[in-house]
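Inspection log for the structure reproduced underneath, given as structure tokens.
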Amino acid sequence: MSNLKVYNSYSRQKETFVPLTAHHVGMYVCGPTVSGESHLGHARGFITFDVIYRYLLYLGYKVRYVRNITDAGHFEEEGREAEDKISKKAVIEKMEPMELVQKYSNLFHWAMKQFNNLDPSIEPTATGHIIEQIEMIKKIIAAGYGYAVNGSVYFDVKKYADHYPYGKLSGRKLDELLETTRELESQEEKRNRQDFALWKSASPGHIMRWNSPWGDGFPGWHIECSAMSTKYLGTEFDIHGGGMDLMFPHHESEIAQSVICNHHVPARYWLHNNMITINGKKMGKSYNNVITLTDMFSGNNPLLAQAYHPMTIRFFILQTQYRSTLDFGNEALQAAEKGLTRLWDAYLELGKMTSDPGKLINPVIENQFNSLCREFDDFMNDDFNTAKVLANMFVLVNHINSFRSGDLEKTTLSPETLSYTQTQFKNYLEDVLGLTNRTGTGPDRLGSIMDLLIEIRREARAKKDYQTSDRIRKQLLEIGILLKDEKDGRVSFTLE
RNA sequence: GGUCAUGUGGCCGAGUGGUGAGGCAUAGGUCUGCAAAACCUUAUACGGCGGUUCAAUUCCGUCCAUGACCUCCA
């Protein structure tokens with residue numbers, strides 16, 4: 001049994017994580033709506049839950065990680081002409097809705113790969129589960145909590161709130177909602193303003209439509225997650241994740257639907273990642289401050305000073321706790337870029353380190369290494385505090401470099417400590433945090449060429465032919481390769 | 001307007017009732033043919049005002065500011 005504690009939005013406190021079934025975890029995370037390109041904000045959520053998934057695996061759990069693809073589209077705005085997002089955009093781009101879905105699904109998957117996110121165990125689509133959604137709506141109606149009007153079906157929130165704690169997750173009270181819910185045209189169909197749609201009748205021109213007991217239409221925007229999470233994880237599962245902005249009404253509605261159908265709040269632990277902000281404002285379409293992931297990778301956006309490698313972005317995101325907001329800024333991204341390079345270089349150095357029997361073992365340093373590494377576990381167990389793990393790593397980076405060219409030159413690590421450090425670094429840096437070498441793998445051929453150039457330069461320098469040696473370094477720099485003369489006489493290089 | 005968050009040094013950010021997380025930047029130094037890297041040193045940071053306390057950035061109150069949700073939203 002691990003000592004993992006997670007912050008549960010549902011109880012508003014950190015709780016010890018105890019899975020429903022020993023050694024197994026069921027986790028559902030709200031996935032992307034593939035009506036457009038994912039942006040930096042989306043990436044944060046998916047990277048956050050990827051690390052959570054990875055950590056659960058690292059702890060030895062068998063995890064079923066379900067992340068949906070929303071491809072059925074929801075209505076643009078309740079009460080306006082029922083027009084789902086996906087079909088609307090398709091008309092603009094003159095594409096079939098499913099063509100659009102395919103395009104953005106592919107792009108999404110490509111971006112997830114760039115970030116080194118693991119694939120979920122199951123990635124169900126909303127359109128592939130229309131039947132399950134209809135069945136669920138039928139059950140809700142049969143239970144007396146749904147009602148059909150003009151081909152649409154609504155959830156009776158007021159009735160639900162009379163019997164169950166509606167609004168517990170988001171901290172909302174029905175009375176307040178009554179006062180603040182906006183006046184919208186189609187409200188007259190609903191019994192109460194705060195009722196939400198389970199099924200929407202499709203107007204004749206609507207492209208995406210399915211037959212149902214209530215006529216042609218499409219599912220409401222909360223029912224898909226309820227239907228798919230129930231299907232693949234059961235009526236009650238362990239973790240439900242998503243962005244904080246989904247708490248209300250999305251997750252609140254999911255809870256209501258599941259309580260009626262399955263007699264359970266669907267998940268025991270509700271985890272929510274915070275937003276990425278840009279100049280203090282949430283990144284989002286409505287604010288017109290979106291930086292898409294392809295923009296991030298290419299630097300092609302007025303807000304970007306340069307392109308950023310996916311790993312830089314991943315590292316940037318993991319340097320903060322997932323429940324805090326994270327403010328975008330070029331300066332911060334550039335800092336992350338440099339920090340990651342230093343971290344990775346030291347990690348490679350650590351891999352090459354050996355315990356030197358001829359040198360002294362410093363007990364203070366031994367202790368530091370051991371406790372800093374051991375704390376990785378504690379920090380992750382404390383609601384996935386990746387920021388603190390990385391902070392400890394950097395303290396170790398400093399020491400690792402010191403063994404080579406600093407204060408610790410005359411000392412060594414014991415074989416046990418060295419091996420433990422190497423293992424912990426590998427496990428956490430690569431497996432849990434999911435970071436990879438930015439320069440990519442296998443610079444083998446390049447390595448050979450570099451060896452040659454380095455050798456020529458070495459000979460030139462030996463002859464004090466600095467004109468040649470500088471020319472080699474200068475011209476390599478021009479094509480993005482930086483040579484470094486290490487203190488111990490070796491020459492290393494890094495790719496920009 | 002309602003509800004809930006947040007406010008940390010040039011930037012991004014951890015965190016804690018009492019010993020200055022960490023990254024980047026800055027300044028000085030070591031090393032070096034030069035450069036880079038690395039290492040050493042380098043900040044009297046916790047929105048304002050009260051209160052509790054031996055002690056508050058950390059708890060409480062209040063004010064100010066910003067943001068999120070209340071509508072699609074990671």
Side-chain angles (χ1 to χ4, degrees), chain A residues 12 29-33 35 38-49 73-80 85 167 170-173 175-177 179-182 184 194 221 241-250 272-277 280-287 290 315-316 319-321 323-343 345-346 349 379 385-395 397-409 461 464 466 469-470 473-474 477 482-488 492-494:
Chain A
R12 289 152 197 268
V29 173
C30 293
T33 301
S35 61
S38 294
H39 60 66
L40 186 59
H42 299 116
R44 183 178 194 189
F46 298 127
I47 289 171
T48 295
F49 286 101
H74 306 310
F75 21 93
E76 200 67 14
E77 194 172 79
E78 256 191 343
R80 281 194 190 168
K85 265 202 263 183
S170 55
R172 236 155 272 263
K173 294 192 180 72
D175 305 347
E176 288 161 7
L177 285 173
E179 288 166 18
T180 59
T181 303
R182 289 204 310 186
L184 296 165
Q194 63 280 8
W221 63 287
M244 272 183 181
D245 49 357
L246 293 181
M247 264 204 256
F248 188 90
H250 187 55
H272 291 97
N273 65 277
N274 214 134
M275 305 291 103
I276 283 190
T277 59
K281 274 213 167 52
K282 171 184 169 181
M283 185 175 288
K285 264 177 245 171
S286 9
Y287 300 104
V290 164
F315 175 79
F316 171 67
Q319 260 188 314
T320 114
Q321 217 278 343
R323 285 189 291 113
S324 304
T325 54
L326 170 57
D327 202 46
F328 164 87
N330 282 290
E331 229 182 315
L333 260 308
Q334 284 159 356
E337 187 174 56
K338 290 189 179 174
L340 178 58
T341 301
R342 195 161 86 92
L343 176 61
D345 284 350
E349 186 58 33
F379 294 153
N385 198 329
T386 54
K388 288 191 106 181
V389 172
L390 286 168
N392 267 26
M393 283 184 175
F394 274 105
V395 175
V397 163
N398 203 13
H399 287 160
I400 290 164
N401 288 331
S402 289
F403 276 110
R404 192 148 55 105
S405 59
D407 288 352
L408 302 175
E409 263 182 310
R461 291 177 75 206
K464 296 209 188 299
Y466 295 122
S469 68
D470 284 350
R473 192 175 56 202
K474 186 162 169 270
L477 191 62
L482 177 68
L483 283 187
K484 288 181 284 190
D485 290 320
E486 307 282 352
K487 196 181 178 187
D488 56 13
S492 64
F493 67 94
T494 50

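Residue numbering restarts at 1 for every chain, and letters A, B, ... go by the order of the sequence lines.
Applying the 4.0 Å criterion to OP1 and OP2 of B:C69, one finds that A:Lys282 has a side-chain N or O inside that range. A close approach under 4.0 Å does occur between a side-chain nitrogen or oxygen of A:Asn385 and OP1 or OP2 of B:G15. For B:C39, the OP1/OP2 oxygens have a side-chain nitrogen or oxygen of A:Asn398 closer than 4.0 Å. The phosphate of B:A25 has OP1 or OP2 within less than 4.0 Å of a side-chain N or O from A:Lys338. Look at A:Asn273 and you won't find any side-chain N or O under 4.0 angstrom from OP1 or OP2 of B:A74. Taking 4.0 angstrom as the limit, A:Ser469 places none of its side-chain polar atoms (N or O) nearer than this to OP1 or OP2 of B:C34. In this structure, A:Ser324 reaches the B:A14 phosphate: one of its side-chain N or O atoms is under 4.0 Å from OP1 or OP2. Remark: A:Lys281 is in phosphate contact with B:G67, judged by side-chain N or O atoms under 4.0 Å from OP1 or OP2.
Residue-to-nucleotide contacts include no donor-acceptor pair under 3.5 Å from the side chain of A:Arg342 to the base of B:C24. For B:A38, its base never sits under 3.5 Å from the side chain of A:Arg404 at any donor and acceptor pair.
Proximity of A:Leu477 to A:Leu483: side-chain heavy atoms (C-beta onward) are nowhere separated by under 4.5 Å. At a threshold of 4.5 Å between non-hydrogen side-chain atoms, the residues A:Pro249 and A:Trp221 count as touching.
Summarising the geometry, the separation between CG on A:Asp327 and P on B:A68 is reported as 12 Å, rounded to the nearest angstrom. Rounded to an integer number of Å, the gap from CD of A:Gln319 to P of B:C24 is 9 Å. The distance from atom CG of A:Leu333 to atom P of B:A25 is 14 Å, rounded to the nearest whole Å. Nucleotide B:A38 holds its P atom 12 Å from the CG atom of A:Leu343, rounded to whole Å. When the C1' atom of B:A74 is taken as reference, atom NE2 of A:His42 falls 5 Å away, rounded to whole Å. One interatomic measurement links the two molecules: CG of A:Asp470 to C1' of B:A36, which rounds to 12 Å at whole-angstrom precision. Between A:Asn274 atom CG and B:C69 atom P there is a gap of 10 Å when expressed in whole angstrom units. Going from atom CZ of A:Phe316 over to atom P of B:C12 covers 9 Å, rounded to whole Å.
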Secondary-structure string, 5' to 3', Watson-Crick or G-U under 3.5 Å, | for another-strand partners, for RNA chain B: (((((((..(((.....[...)))..((((.......)))).....(((((..]....))))))))))))....
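Taking the side chain of A:Val395 as heavy atoms from C-beta on, and the options B:C72, B:C39, B:G22, the nearest nucleotide is B:G22. In the set B:A74, B:G23, B:C69, B:C69 carries the atom at the smallest distance from any side-chain atom of A:Phe248. Counting only heavy atoms from C-beta on, A:Tyr287 has its side chain closest to B:C69 among B:C69, B:A74, B:G22. Comparing B:C40, B:C34, B:C73 by their closest approach to the side chain of A:Trp221 singles out B:C73. Nearest nucleotide to the A:Ile276 side chain, out of B:A74, B:G22, B:C39: B:A74. In the set B:A38, B:G22, B:C11, the nucleotide with an atom closest to the side chain of A:Ser405 is B:A38. Comparing B:A74, B:C70, B:C24 against the side chain of A:Arg172 picks out B:C70 as the nearest.
For A:Asn401, the side-chain contact (heavy atoms from CB on, under 4.5 Å) partners two or more places apart in sequence, or in a different chain, are A:Arg342, A:Ala346, A:Val397, A:Arg404. The side-chain contact (heavy atoms from CB on, under 4.5 Å) check on A:Arg172 picks up A:Ser170, A:Leu177, A:Phe248, with sequence neighbours excluded.
For the C1' atoms, the distance from B:G22 to B:U8 is 14 Å, rounded to whole Å.
At the heavy-atom level, A:Ala391 lies under 4.0 Å from base atoms of the strands shown. Among the atoms of the strands shown, base atoms are found under 4.0 Å from some heavy atom of A:Tyr466. As judged by a 4.0 angstrom heavy-atom cut-off over every strand, A:His39 is placed among the base-contacting residues.
Separation of atoms CD (A:Gln321) and CG (A:Asn385) is listed at 5.0 Å; rounding is to 0.5 Å. Atom CZ in A:Phe315 sits 5.5 Å away from atom CG in A:Leu390 (nearest 0.5 Å).
Looking only at distances, a side-chain donor or acceptor of A:Asp327 sits under 3.5 Å from a matching main-chain atom of A:Gly280.
Residues A:Arg44 and A:Thr320 bring a donor and an acceptor atom of their side chains to less than 3.5 Å of each other.
A:Phe49 approaches A:Asn273 most closely through the heavy-atom pair CE1-OD1, 3.5 Å.
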